[in-house]
Amino acid sequence: MSHAADIAHPAATRPRRFLPAGPLKGTIRVPGDKSISHRSIMLGALAVGETRVTGLLEGEDVLATAAAMRAMGASVERTGEGAWSVHGVGVGALLQPRSPLDMGNSGTSTRLLMGLVASHPITATFVGDASLSKRPMGRVIEPLSQMGASFEASEGGRLPLILKGICPAVPISYRLPVASAQVKSAVLLAGLNTPGVTTVIEPVPTRDHSERMLRGFGAELNVEVEADGTRIITIRGEAELKPQTIDVPGDPSSAAFFLVAALITPGSEVLIENVGLNPTRAGLVTVLRQMGGQIEEVNAREVGGEPVADLLVKHSALKGIEVDPAIAPSMIDEFPALFVAAALAEGVTTTSGLDELRVKESDRLAVMAAALTAAGARIEEREDGLVITGTGGEPLPGTAGAIATHLDHRIAMSMAIAGLASKNGVEVDDTRPIATSFPVFETMLDGLMA
């Protein structure tokens, strides 16, 4: 049965009540970074020769990327746990896929692969599950159309969608209307096989994994930062990429749940090994420290152009703060976890500038406001953020019935950790979507409670 059919069938839901179980103790290593995992497979598939990847996140989203690159001619093979070998076809040599590319639940796979395909002379049909098919792709269609690709999309620029690539594509200079690493990456990836120089102008910096990894694979990519912080990113097309050996650092978005869980659960002390601390992604660590969280970096190092450290986290008395909206892009996926920390802090935490959260896998502002309120937290929902009055470290009452996660993996994991700091536990209506980003989450959590 397909992932989409599985989710559509309500009898198959897997509810679970997450209960308080005393302090969390131990050492864990979270799965590889999702953003870096996607890009290592894509760029490996465009480099001539063998790229070896270790620590790859083997969630459904990344496997969708691997299947798509295979469908377009690359050899992508698993050689062991988290270990993969990719034999690429070369930039410009992607093949016409024989059947639709099934992206499952992965917005990243869809938007980045649309960029890759746009400058190749092939036609690809993109399909996804019910949740992904609701997400608009217009923000990627716009620049890729300027480069010469053509699209037949479902209503509102959604999947299913047929993309007809063009070769040679037209190099463009594109100013991002909204801060989006996915749109930036799509244009840069299209630029790989476009003659001349493709430019992306980024008024608000977003995660820069694509730039770091494109350079690592040998693309000619330059970044200039203007006085006001605007980044001008240029890539020279018709690139020849060289295969790499990549050890994927642990995903800060996955580490987020354990950071918060250890901070809010009395008596906890947890060491999270090998966490990627790319400054465009590590906003949550900064904010939790501002709230009084004890998070110590041990053994800081650099791996494949990315900063990495082990994080030692201890239970802390958190204080509410006003979160600077400028930090939002560097922790956009971590806000559901932050909202849980805020619900247990002393005083008020105010967040703003989070309109982007309304168009994620679910409307994360509305869904988290409803879920935390059901667990007994005091939440005020505003147009672009939440205002949360914390308990001052007292446990939340917990939920009577199950909270609705709307098939959103990050809502499910956030409310799971809220259950650890509650009196009666928090029941999550369905734990299956957690597999899209973090298949071993529950096992790892149970291990720290043992």
Side-chain angles (χ1 to χ4, degrees), residues 3-4 7 33-35 38 57 59-62 64 103-112 114 128-140 156-159 176-186 204 206-207 209 251-254 256-257 260 280-281 283-284 323 325 327-340 342 351-372 379 381-386 403-418 428-430 432-438 441:
H3 174 72
I7 278 196
D33 183 279
K34 191 155 83 160
S35 300
H38 279 302
L57 172 67
E60 291 164 12
D61 286 10
V62 175
M103 300 288 102
N105 185 242
S106 181
T108 305
S109 305
T110 311
R111 294 187 177 114
L112 269 57
M114 282 167 67
D129 69 7
S131 160
L132 182 62
S133 300
K134 291 195 186 92
R135 297 174 71 179
M137 297 296 153
R139 54 171 77 169
V140 192
R158 293 178 167 82
L159 302 189
L176 291 176
V178 281
S180 168
Q182 292 179 358
V183 179
K184 167 177 68 176
S185 300
V204 179
T206 62
R207 50 182 73 176
H209 302 300
D251 195 324
S253 299
S254 295
F257 303 104
V260 171
T280 64
R281 294 286 302 286
L284 179 70
V323 180
I327 207 168
S330 68
M331 56 176 291
I332 200 71
D333 285 332
E334 286 72 73
F335 275 99
L338 177 73
F339 296 150
V340 173
T351 60
S352 58
L354 304 184
D355 320 59
E356 175 76 4
L357 290 190
R358 294 205 181 273
V359 294
K360 288 287 186 177
E361 282 84 332
S362 66
D363 175 344
R364 286 184 176 156
L365 290 178
V367 174
M368 281 303 294
L372 282 167
I379 313 284
E381 183 183 343
R382 293 184 179 167
E383 192 52 42
D384 68 339
L386 301 184
I403 59 110
T405 55
H406 296 269
L407 302 181
D408 187 329
H409 53 127
R410 296 200 199 282
I411 305 289
M413 289 185 278
S414 298
M415 294 314 296
I417 60 175
V428 168
D429 65 354
D430 195 357
R432 288 170 310 147
I434 291 172
T436 64
S437 69
F438 201 163
F441 169 78

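- Within the 3.5 Å criterion, the main-chain N or O of Asp384 finds no donor-acceptor partner in the side chain of Ser352.
- Every residue meeting the side chain to side chain donor-acceptor pair (under 3.5 Å) condition with Arg281, not counting sequence neighbours, appears here in chain and number order: Asp33, His209, Asp251, Ser253.
- Summarising the geometry of Ser362 relative to Ile411, their closest heavy-atom pair is OG-CG1, 3.9 Å, with the distance given to 0.1 Å.
- For Thr108, the side chain to side chain contact (heavy atoms under 4.5 Å, CB included) criterion is met by His38, Arg39, Ser106, Leu112, Gln182, not counting sequence neighbours.
- The shortest distance between side-chain heavy atoms of Lys360 and Val367 does not fall below 4.5 Å.
- Using a 4.5 Å heavy-atom threshold, the side chains of Met368 and Val340 count as touching.
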Step by step, work out the side-chain contact (heavy atoms from CB on, under 4.5 Å) result for Phe335 and Arg410.
CA-CA 9 Å; Phe335 275 99; Arg410 296 200 199 282; over 6 Å; no
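- Using modelled atom types, no side-chain atom of Arg207 and backbone atom of Thr280 make a donor-acceptor pair closer than 3.5 Å.
- Ion pairing between Glu381 and Arg358 holds under the 4.0 Å rule for side-chain N and carboxylate O.
- Residues Val260 and Phe339 have side chains not in contact (no heavy-atom distance under 4.5 Å, counting atoms from C-beta outward).
- Contact check for Glu361 versus His409: side-chain heavy atoms found under the 4.5 Å cut-off.
- Looking at Glu356 and Arg364, their side chains never come closer than 4.5 Å, going by heavy atoms from C-beta outward.
- Ser414 and Ala337 get closest at one heavy-atom pair: OG-N, 3.4 Å.
- Here the CD1-CG distance, from Ile403 to Asp430, works out to 10.5 Å after rounding to the nearest 0.5 Å.
- Remark: of the listed residues Thr436, Asp333, Asp61, Asp61 is the sole one forming a side chain to side chain donor-acceptor pair (under 3.5 Å) with Lys34.
- Note that the CE atom of Met415 and the CG atom of Asp408 stand 12.5 Å from one another [nearest 0.5 Å].
- Residue Leu365 holds its CG atom at 7.0 Å from OG1 of Thr351, rounded to the nearest 0.5 Å.
- Here the CE-OG1 distance, from Met137 to Thr110, works out to 4.5 Å after rounding to the nearest 0.5 Å.
- Asp429 has its side chain out of reach of His406: every pair of non-hydrogen atoms, C-beta onward, lies at least 4.5 Å apart.
- Of all heavy-atom pairs spanning Gly128 and Leu159, the tightest one is N-CD1, 3.9 Å.
- Summarising the geometry of Ala181 relative to Thr206, their closest heavy-atom pair is CA-OG1, 3.5 Å, with the distance given to 0.1 Å.
- By the side chain to side chain donor-acceptor pair (under 3.5 Å) test, Ser131 pairs with Asn105, sequence neighbours left out.
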Derivation of the side-chain contact (heavy atoms from CB on, under 4.5 Å) call for Asp129 and Leu407
CA-CA 11 Å; Asp129 69 7; Leu407 302 181; over 6 Å; no
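- Nearest heavy atom pair, residue Val140 against residue Ala186, reads CG1-CB, 3.6 Å.
- What you find for Pro136 and Arg158 is that their closest heavy atoms are CA-CG, 4.1 Å.
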